[in-house]
Number of protein chains: 2
Amino acid sequence: MAGPNAPIDKCDCDVIHQDIIDWVRDKMPREETLYDLAEFFKVFGDSTRIRILWALAESEMCVCDIANLLNMTQSAISHQLRVLKQAALVKSRRDGKVVYYSLDDEHVQQIIDQGMTHINEK
Amino acid sequence: MAGPNAPIDKCDCDVIHQDIIDWVRDKMPREETLYDLAEFFKVFGDSTRIRILWALAESEMCVCDIANLLNMTQSAISHQLRVLKQAALVKSRRDGKVVYYSLDDEHVQQIIDQGMTHINEK
DNA sequence: TGTTCATATGAATGTTTATTCATATGTTCC
DNA sequence: GGAACATATGAATAAACATTCATATGAACA
């Protein structure tokens with residue numbers, strides 16, 4: 001296992017527990033899956049988006065309502081709603097000129113609640 | 001409610017549903033709480049940290065092991081472990097020169113699992 | 001058809017952040 | 001005490017990202 005295409009060892013410590021490393025590596029999901037998982041949580045990792053999600057958990061709202069509730073510009077809210085929609089966390093319906101947003105997933109509430117539980121316990 | 005100190009309305013739409021806004025505002029947690037919640041989820045929103053958490057869910061590991069498992073530098077791993085420790089998601093114990101890390105919270109597994117469930121369903 | 005209104009979007013900007021490099025800290029063994 | 005090793009950390013850099021501004025799209029109404 002040496003030569004031009006050998007993987008570069010980024011850490012050259014002597015105390016490598018190779019058996020554990022191999023065992024854990026075998027149990028890890030595919031790299032791509034874990035990347036997707038991180039992308040998913042990243043959506044919750046912004047206070048504006050969390051506030052939007054929390055608001056929508058209470059009631060369907062139009063873009064304008066959310067902007068007023070959070071005292072932010074319509075543009076900023078619209079940009080974040082796009083992120084939330086791409087993550088399949090919210091859905092929208094159009095009624096004339098007005099677009100109403102609501103939660104698109106029953107998990108959203110659970111995930112937020114679980115995070116809140118952690119926050120409150122520490 | 002006008003004058004030099006009046007709050008600036010960031011959105012001047014006509015179709016404001018003021019009753020809904022007031023009702024939702026009343027049910028929202030404190031701004032600071034939602035900020036903390038976003039900070040909490042932000043920790044899960046990085047693939048390196050998610051991979052570290054997943055690995056530690058399988059077995060206690062030293063910094064060097066994690067670096068080799070993920071093929072990253074010891075420094076990069078150490079920096080991320082600090083973030084995870086500050087978020088109270090991992091704990092460490094020292095054994096001579098070697099520092100072993102493990103999960104510090106029973107919620108971590110649940111939160112990751114729930115995120116994974118969402119990923120797999122969409 | 002033209003105007004008004006609600007929302008969406010592209011480009012620019014400032015901030016945050018993950019990684020790297022160099023080096024410091026802390027432990028063991030001689 | 002000094003050398004060797006595992007980990008921690010500060011500064012620098014590059015990439016990611018949230019917000020703003022200007023403007024486009026799309027619907028209602030006259």
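Letters A, B, ... mirror the listed sequences (proteins, then strands); counts begin at 1. Side chains are part of it too, since the values below use all heavy atoms of this structure and drop only hydrogens, waters and symmetry mates.
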**OP:** Let me know the distance between CG of A/D46 and C1' of D/dA18, rounded to the nearest Å.
**Re:** 7 Å

Original post:
Can you find a heavy atom in the side chain of B/T33 that is under 4.5 Å from one in the side chain of A/M116?
Top reply: yes

**OP:** Would you mind classifying the nucleic acid contact of A/Y101 as base, sugar-phosphate or nothing, using non-hydrogen atoms under 4.0 angstrom?
**Re:** sugar-phosphate

**OP:** Take the protein atom CZ of B/R82 and the nucleotide atom P of C/dT20, then report the distance between them rounded to whole Å.
**Re:** 16 Å

Identify all pairs in which a protein N or O lies below 3.5 Å from an N or O of nucleotides 21-30 of chain D, and state each distance.
{"residue": "D/dC21", "atom": "N4", "partner": "A/S75", "partner atom": "OG", "Å": "2.7"}

Original post:
Between B/L84 (CG) and C/dT17 (P), how many Å, whole number?
Top reply: 14 Å

Subject >> A/T48 side chain near D/dT19 phosphate (N/O to OP1/OP2, under 4.0 Å) >> reply: yes

**OP:** Kindly write out the residues that satisfy side chain to side chain donor-acceptor pair (under 3.5 Å) with A/Q86, not counting sequence neighbours, or none if the list is empty.
**Re:** none

Original post:
Got a sec, which pairs hit salt bridge (Lys or Arg N to Asp or Glu O under 4.0 Å) with one end in residues 76-98 of chain B, sequence neighbours left out?
Top reply: B/E60-B/R93

**OP:** Please state how far atom CG in B/D65 lies from atom P in D/dC5, giving the value in whole angstrom units.
**Re:** 17 Å

Original post:
Which heavy atom of B/C62 sits nearest a heavy atom of B/V98, and at what distance?
Top reply: CB-CG1, 3.3 Å

Subject >> A/D65 side chain vs A/M61 backbone, donor-acceptor pair below 3.5 Å >> reply: no

**OP:** Take atom CG of A/L70 and atom P of D/dA18, then tell me their distance rounded to the nearest Å.
**Re:** 15 Å

Original post:
Donor-acceptor pair, A/R25 side chain versus B/L69 backbone, under 3.5 Å?
Top reply: yes

**OP:** Send over the distance from A/Q80 CD to D/dT20 P, rounded to a whole Å.
**Re:** 11 Å

Subject >> Whole angstrom value for the distance that separates P of D/dT19 from CD1 of A/I66 >> reply: 13 Å

**OP:** Find the distance B/M61:CE to D/dA6:P and express it as a whole number of Å.
**Re:** 16 Å

**OP:** With sequence neighbours excluded, tell me which residues meet side chain to side chain donor-acceptor pair (under 3.5 Å) with A/Y100.
**Re:** B/H17

Subject >> Under the side chain to side chain donor-acceptor pair (under 3.5 Å) test, residues paired with B/Q18 that sit two or more places apart >> reply: B/D22

Original post:
At under 4.0 Å between heavy atoms, what does B/K85 touch on the DNA or RNA strands: base, sugar-phosphate, or nothing?
Top reply: nothing

Original post:
Per the end-axis method with five pairs at each terminus, what is the bend angle of the helix from C/dT1-D/dA30 to C/dC30-D/dG1, to 10°?
Top reply: 20°

Original post:
Checking B/T117 side chain against B/D113 main chain: does a donor-acceptor pair fall under 3.5 Å?
Top reply: yes

